Trainee: 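Just dropping this structure here.
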Protein chains: 2
Amino acid sequence: MASIQKKEAILVAAAKLFRDRGYQATSMRDLAEAVDLKASSLYNHIGSKEEILSDICMQNADRFSAEMGIIVQTTNSPIDKIKALINLHIEMAITDYTSITSFNDEWRHLSEPSLSEFTSKRKLYEQQFLEIIEEGISQDQLKYMDPQICLNTILSSTRWVYDYKPKAEMGEAANTIVNMLLHGISK
Amino acid sequence: MASIQKKEAILVAAAKLFRDRGYQATSMRDLAEAVDLKASSLYNHIGSKEEILSDICMQNADRFSAEMGIIVQTTNSPIDKIKALINLHIEMAITDYTSITSFNDEWRHLSEPSLSEFTSKRKLYEQQFLEIIEEGISQDQLKYMDPQICLNTILSSTRWVYDYKPKAEMGEAANTIVNMLLHGISK
DNA sequence: CCTACCGATCGGTAGG
DNA sequence: CCTACCGATCGGTAGG
């Protein structure tokens with residue numbers, strides 16, 4: 001019988017396997033074993049392997065979009081918005097450290113129309129982020145630089161957090177990262 | 001007939017396919033087609049699919065190690081060594097923008113003993129990088145911060161350069177990235 | 001370098 | 001939810 005909890009368990013197990021081995025290298029038999037089922041029984045809960053990947057990617061994309069929506073609507077300065085966004089990326093990497101790798105790396109195995117749906121959500125998010133950076137530059141809060149290069153560097157810079165071992169110290173790590181990006185490492 | 005040029009052509013084509021689709025999603029038939037051969041003929045030039053991945057990863061690892069060796073031996077200050085290393089990562093991402101993704105992401109599909117050989121090379125490289133950062137902190141050239149977090153952030157921060165479109169402007173991009181990491185984005 | 005082919009494994013379905 | 005099974009495709013080999 002198809003229960004929502006079971007589907008959720010499948011998504012969680014899949015995110016972990018995709019993270020450890022990658023989407024392509026994870027078989028439906030691997031996944032079935034992880035949730036104590038036979039491969040064929042998975043299809044009572046999900047439509048296809050790709051649907052699992054799609055669900056995981058969209059969940060993450062939607063969460064990023066939602067948080068961006070909140071941040072954009074505040075009256076905070078551009079630099080405070082950027083701080084909030086960097087912290088968001090770190091937060092996501094800590095709390096959702098399995099599924100974030102699907103969002104970051106495995107989405108490219110999606111086919112149409114999921115692929116376009118995902119990339120356009122991501123594009124929108126990055127566009128909003130870019131505008132905040134441009135605002136920061138024009139308001140003289142940020143140095144003058146190519147906003148796209150700035151954005152790319154920020155987005156990449158937290159892409160190790162999900163497999164950082166000492167999770168307990170992540171609060172401190174977040175501060176260090178924000179400080180690095182805002183003020184640099186040089187004294 | 002097995003020629004060295006043909007093997008090199010196979011490695012180049014493989015790096016491109018691994019970059020575009022990932023290692024697991026690239027079949028030997030895809031690769032064969034890319035070099036105008038039948039799949040079985042590939043085996044006159046290479047031992048196995050994994051050997052191709054291993055060769056690509058090791059080539060990159062060895063180049064990073066060699067450059068690190070040169071940088072370490074200079075009498076430059078820690079901060080100048082770090083600048084040189086950031087530029088090295090950008091340089092590699094530009095000149096070798098296909099194979100760098102194998103080095104970054106696909107190496108995990110290696111099996112033993114290649115896997116250990118690769119990870120220990122990488123570990124050594126990161127250890128040397130870490131020592132330069134620690135030296136920079138103790139010489140008061142860098143702010144006091146967790147050196148491992150600093151290293152991870154630096155290493156991640158250039159991991160978008162390989163698919164940056166305007167290759168012509170990469171020189172400027174490199175300066176922007178170095179500047180961001182050393183002095184931050186805040187004014 | 002190719003044709004022909006191997007066993008293993010893949011995602012997924014039928015039928016109960 | 002399982003057993004049984006499908007066609008397709010995988011990496012790789014034999015033999016010439």
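All chains are named by letter (A, B, ...) in the order of the sequence lines, taking the proteins before the strands, and each is independently numbered beginning at 1. In this text, all values refer to a predicted model and were calculated from it rather than measured experimentally.
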Trainee: Do A:H89 and A:F103 have ring centroids that are under 6.0 Å from one another?
Mentor: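 Judged by ring-centre distance (under 6.0 Å), A:F103 and A:H89 do not meet the cut-off.
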Trainee: Can you tell me how far C1' of D:dT9 sits from CG of B:L31, to the nearest Å?
Mentor: 16 Å
Trainee: Between the base of C:dT3 and the side chain of B:S40, is there a donor and acceptor pair under 3.5 angstrom?
Mentor: yes
Trainee: Nearest whole Å is fine: how far is C:dG12 P from A:M28 CE?
Mentor: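 For the pair A:M28 CE and C:dG12 P, the rounded distance is 6 Å.
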Trainee: Tell me if a side-chain donor or acceptor on B:K7 pairs with a main-chain N or O of B:I46 at a distance below 3.5 Å.
Mentor: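 A pair under 3.5 Å: no.
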Trainee: Name the pairing partner of C:dT9, where a pair is Watson-Crick or G-U wobble with both distances under 3.5 Å, or state none.
Mentor: D:dA8
Trainee: Strictly below 4.0 Å: does B:S27 bring a side-chain N or O up to OP1 or OP2 of D:dT9?
Mentor: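 The answer is no; no side-chain N or O of B:S27 sits under 4.0 Å from OP1 or OP2.
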Trainee: A:Y43 has an atom OH; how far is it from atom P of D:dT3, in whole Å?
Mentor: 16 Å
Trainee: Using atom CZ of A:R29 as one end and atom P of C:dG11 as the other, report the distance to the nearest whole Å.
Mentor: 7 Å
Trainee: May I have the distance from B:Q24 (atom CD) to D:dT9 (atom P), rounded to whole angstrom?
Mentor: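 The answer, rounded to whole Å, is 17 Å.
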Trainee: What is the distance, to the nearest angstrom, from the CG atom on A:D30 to the C1' atom on C:dG12?
Mentor: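 Value for this atom pair: 16 Å.
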Trainee: Could you check whether any side-chain N or O of A:K49 sits under 3.5 Å from a backbone N or O of A:T26, counting only pairs where one atom can act as donor and the other as acceptor?
Mentor: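 Such a contact is found between A:K49 side chain and A:T26 backbone.
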Trainee: Once you apply the 3.5 Å cut-off to both distances, tell me the Watson-Crick or G-U wobble partner of D:dG15, or none.
Mentor: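 Pairing partner: C:dC2.
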Trainee: Touch check for B:L42, heavy atoms < 4.0 angstrom, all strands: base, sugar-phosphate only, or nothing?
Mentor: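 No contact.
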Trainee: Do other residues, nucleotides or ligands put more than 12 heavy atoms under 6.0 Å from B:E131 CD?
Mentor: yes
Trainee: Looking only at the side chain of B:K6 (C-beta and beyond, no hydrogens), which of the listed nucleotides C:dC1, D:dC1, D:dG11 gets closest?
Mentor: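 Shortest atom-to-atom distance from the side chain points to C:dC1.
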Trainee: At under 4.0 Å, does any side-chain N or O of A:K38 touch on OP1 or OP2 of D:dC2?
Mentor: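 For D:dC2, neither OP1 nor OP2 has a side-chain N or O of A:K38 closer than 4.0 Å.
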Trainee: Measure CD1/A:I10 against P/D:dC1 and give the value in whole Å, please.
Mentor: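 So the CD1-P distance, A:I10 to D:dC1, works out to 8 Å.
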Trainee: I'd like to know if the side chain of B:D30 and the backbone of B:S27 have a donor-acceptor N/O pair within less than 3.5 Å.
Mentor: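 Side chain of B:D30 to backbone of B:S27: a pair is present.
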Trainee: How close or far is atom P of C:dC1 from atom NZ of B:K7, stated in whole angstroms?
Mentor: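 About 14 Å, once rounded to whole Å.
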